Amino acid sequence: MRVIDTIAEMQQQADQWRREGLVIGFVPTMGYLHDGHLELMRCAKTKSDRVVVSIFVNPTQFAPGEDFERYPRDLDRDMALMAPVGVDVVFVPAVGEMYPEGYQTYVEVGEISEPLCGAKRPGHFRGVTTVVAKLFHIVKPHVAVFGEKDYQQLLVIRRMVRDLAMDVEIVGHPIVREPDGLAMSSRNVYLSEEERQEALLLSKALAEVTRLVDGGERAASVLVSAAQKVLEQGARVRIDYAELRDAETLQEITTLDRPGVLALAAFVGKARLIDNTVLRP
Ligand code: PAF
């Protein structure tokens, strides 16, 4: 597994692979890897000849006061976890390499990045799309794999790729969960034991709403209230949002008469966790 930390070297490697006719698969991450990330890498491996993983805690996608400084970082741990997966290159640029002095170019996707996390974390998606677009120019992947836990992020990136005619296939990978249902996240490390127990309420809320849909309920207000009621059982849980939206456009819906995504964000202690499920009528 080769470690590259400069843009020039990464681009040279990508160019060489492309000249050799090899398919490049890419998994962008912010490190502190868990099995969810490893699944994305395994998926990328099935779709390509060479796999690149980037590890970069991207400052532009954190608002002031968010957890950029304390976001967990441990490259040695990440390298050990990735070793058995067969990743070819780990790209680990420094902040100054990605955003040198004088940097002033940003990529911004419209409407679809406005609700949900876009409304609660102003500037977040502008940071995500900027860094992902730049990483695509550096790694030059044919295929890039993203997790569906960040459902809105996946839609925003798909929109960016379509709108800017980027020549890369975007693959979404299903959410990977702990055996008890908690969606895997690097931020789970912030949870105390009690908080971790209450964090399970997110996946329980999704399960309860799925049960109601299976039983025939279609009113968005009823489904969202049911999710809120489950989350409110947690003394340490503070709901950031619980919304049912069109699964493709993220427009508001009042009735589940087409696929919808139930998207949840909640603070559990200091950790802001997100989870979602797609509901089909
Ligand atoms: O999902 C993430 O970990 C990040 O948002 C990403 C896509 C690596 C961009 O920094």
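In listed order, ligands and their atoms are each counted from 1. Small disclaimer: the values here were computed from a predicted structure and weren't measured. The chain is numbered in sequence order, starting from 1.
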Side chain of Gln152, backbone of Leu116: donor and acceptor closer than 3.5 Å?
-> no
Is there at least one pair of N or O atoms, one from Thr29 and one from ligand 1, spaced under 3.5 Å apart?
-> no
Angle class for the Phe136/Phe146 ring planes (parallel below 30°, perpendicular above 60°, tilted otherwise)?
-> perpendicular
Please could you name the atoms of ligand 1 that Gln153 approaches to less than 4.0 Å, counting only its heavy atoms?
-> 1 (O), 2 (C), 4 (C), 5 (O), 7 (C)
Which is it for Glu232 and Lys229 under the salt bridge (Lys or Arg N to Asp or Glu O under 4.0 Å) test, yes or no, and what are the steps along the way?
-> CA-CA 5 Å; Glu232 282 160 7; Lys229 223 165 125 193; over 6 Å; no
Test: Arg272 cationic atom under 6.0 Å from Tyr71 six-membered ring centre, within 45° of axis | no
The closest protein heavy-atom partner of atom 3 (O) of ligand 1 is Met30 CG, 3.7 Å
Considering only heavy atoms of Pro28, which atoms of ligand 1 have at least one such atom less than 4.0 Å away?
-> 8 (C)
Considering the heavy atoms of Gln61, write down every atom of ligand 1 situated less than 4.0 Å from one of them.
-> 4 (C), 5 (O), 9 (C), 10 (O)
Provide the full list of side-chain hydrogen bond (donor to acceptor under 3.5 Å, both in side chains) pairs with a residue in residues 163-177, sequence neighbours left out, each pair given once.
-> Arg159-Asp163, Arg177-Asp275
For ligand 1, which atoms sit closer than 4.0 Å to a heavy atom of Val131?
-> 9 (C), 10 (O)
